[in-house]
Amino acid sequence: MGCDGGTIPKRHELVKGPKKVEKVDKNAELAAKWKYCALSQEKLRRPIVACELGRLYNKDAVIEYLLDKSAQRPNSEVVTHIRGIKDIKELNLTDNPEWEGERRNAKGDRYEDIHCGMFICPVVGLEMNGKHRFCYLQTCGCVFSDRALKEVKTEICHKCGDPFQDEDIVVLNGTKEEVEKLSEKMEEKRVKAKKSKKKKSAQSVFAPLDSQDERCSPQLNMGESSSLQNGTAGSKLAVAGPSGLCGSSKDTQSSEATTKKRSIQDMEEKSEAFKSLFTSHSSAKRTKEQMSNWVTHTPYHF
C-alpha cells in the first residue's frame, strides 16, 4: 500500500517519535491577561476592576457573578476568592493616546502593532501591555508602572495625591510566586478584620450596661450624702443599691406623668364650645328618662 508512482517515504513518516511539547505563544498569553477580562474572556472596557490577587476584570462581569454564583462559567475558579464588591477595586487608568481601538485600519494593508496597550503609566509613559511590571494602589485605585514607584519614591499618589503605604501596592498579573504572596496577605487581612469585628461587637454589648451604671451612680452619691444628714432615712437609700434607686426613679417619673393628666372640663383656658365636643361634658349626659331600656347599636348612654 502506498508509494505509488515511485514515491520514497521518509523516516519521520514511518517511525513515530515523541510528541513535541506545544509552546504557548507569548504574545497571545500577554494579550489574554492585559486586554481581556479574566472571568468573561471579553475585551476589557471601562469600568475595569482588579481583585486583591492582581487580576483584571470587567466590573459588570463580576457583578453578574456575585448576583448568581450558581451559574456555570468556564473560568469560575478565578473568582472564588471574591466574596463581594468590597473585595475588588475600580482602577483609575490613564488612556494611551496612540491606542486607536476600533478606529484602526481593518483592511490589512497597514502595519498593526500588537504590543500597543490601551493604557499607559502617567509618570513614566510606559505602555501597559505585559512587557513592563504594573501595580495599583488599594487606597485610590490609581495604576502606575513599577519603575515609576521605584524611581520616584513617595508616600503620596502621583495622580490623585492620596496617601498610601507599601502594603497598599498590589502587582497586576504577577508571577505564581507573587500571586501566592498576595493570597497569604489577603488571608491575613481577612483574619484581622474578623477579630476586629468580634471586639467591636463585644464592646457594643457591654456599652449599654456601663451607661446604666453611670446613670445610677449620681443617685447613689445623693443617697450617701442624705444618709450623713438624715441618719436612718439616708441609710435606707444606701441599702437599696443602684437597682432600687433606678427603679424608684422610674416610678416617680410615671407617677408625675399620671398626676400631670387633667380632665378637659377642668381646664379654665378652654372655651365651653370646645368642652361640649367631648362626652365628658354635662350636655352629653342623659337622664334616666331619656335612656332606653334596650340598645341595638352604638350605645351613647351614661
CD (Glu13) with more than 12 external heavy atoms under 6.0 Å: yes
If you take all heavy atoms of Cys142 and Lys159, which pair is closest and at what distance? SG-CB, 4.0 Å
Could you check whether any side-chain N or O of Lys275 sits under 3.5 Å from a backbone N or O of Met267, counting only pairs where one atom can act as donor and the other as acceptor? yes
Within a radius of less than 6.0 Å around NZ of Lys69, do more than 12 heavy atoms belonging to other residues, nucleotides or ligands occur? yes
In one Ile/Leu/Val/Met/Phe/Trp/Tyr side-chain cluster, 4.5 Å: Leu39, Val179: no
Do Ile63 and Val78 sit in one hydrophobic cluster, given that two such residues count as connected whenever their side-chain heavy atoms are within less than 4.5 Å of each other, even indirectly? yes
Quick check: do Cys157 and Thr139 have side-chain heavy atoms less than 4.5 Å from each other? no
Hydrophobic cluster of Val191, others only, ordered by chain and residue number, side-chain cut-off 4.5 Å: none
Pairs in or reaching into residues 21-80: which pass ring pair (Phe, Tyr, Trp, His ring centres under 6.0 Å), with residues at least two apart or in two chains? none
Ile48 CD1 to Phe119 CZ distance, which is reported to the nearest 0.5 Å: 3.5 Å
Looking at side-chain heavy atoms only, is the closest gap between Ser183 and His81 below 4.5 Å? no
Which pairs pass side-chain hydrogen bond (donor to acceptor under 3.5 Å, both in side chains) with one or both residues in residues 141-155, sequence neighbours excluded? Arg133-Asp146, Asp146-Lys150
Please examine the side chains of Asn96 and Cys116, heavy atoms only from C-beta on, and report whether any two atoms are closer than 4.5 Å. yes
Any idea which heavy atoms bring Ile82 and Cys51 closest together, and the distance? CD1-CB, 4.1 Å
Could you check if a side-chain atom of Leu93 sits within less than 4.5 angstrom of a side-chain atom of Met128, using non-hydrogen atoms only? yes
Should Val79 and Leu66 count as side-chain neighbours, where that means a heavy-atom distance under 4.5 Å? no
Residues that Asp162 engages under side-chain hydrogen bond (donor to acceptor under 3.5 Å, both in side chains), provided they are two or more places apart: none
Of all pairs that satisfy salt bridge (Lys or Arg N to Asp or Glu O under 4.0 Å), the ones with a partner from residues 181-195, not counting sequence neighbours: Asp87-Arg190
Just wondering, are more than 12 heavy atoms of other shown residues or ligands nearer than 6.0 Å to CD in Glu269? yes
Applied to residues 122-158, the ring pair (Phe, Tyr, Trp, His ring centres under 6.0 Å) test, sequence neighbours excluded, yields Phe144-His158
Look only at the side chain of Asn58 and the backbone of Lys43, and say whether a donor-acceptor pair between them is shorter than 3.5 Å. yes
Using the test side-chain hydrogen bond (donor to acceptor under 3.5 Å, both in side chains), find all partners of Asp266 that sit at least two apart in sequence or belong to another chain. none
What pairs of residues pass the salt bridge (Lys or Arg N to Asp or Glu O under 4.0 Å) test when at least one of them lies in residues 45-58, not counting sequence neighbours? Glu42-Arg45, Arg45-Asp60, Arg46-Asp95
Consider only side-chain heavy atoms of I, L, V, M, F, W and Y, link residues closer than 4.5 Å, and tell whether Leu149 and Ile156 are in one cluster. no
Do you know which two heavy atoms are closest between Val49 and Ile88, and how far apart they sit? CG2-CD1, 4.1 Å
In this structure, CD of Glu64 is separated from CG of Asp68 (nearest 0.5 Å) by 9.5 Å
Contacts of Glu272 that satisfy salt bridge (charged side-chain N to carboxylate O under 4.0 Å, His left out) - sequence neighbours left out: none
Residues in salt bridge (charged side-chain N to carboxylate O under 4.0 Å, His left out) contact with Lys59, at least two apart in sequence or another chain: Glu90
Sequence neighbours excluded and cut-off under 3.5 Å, please list the side-chain donor-acceptor pairs for residues 164-176, or say none.
from: Asp168; atom 1: OD2; to: Gln165; atom 2: N; distance (Å): 3.1
from: Asn173; atom 1: ND2; to: Lys33; atom 2: O; distance (Å): 3.2

Among Ile, Leu, Val, Met, Phe, Trp and Tyr joined by side-chain contacts under 4.5 Å, find the other residues sharing a cluster with Ile120 and list them by chain and number. none
Any side-chain heavy-atom pair from Val124 and Val152 closer than 4.5 angstrom? no
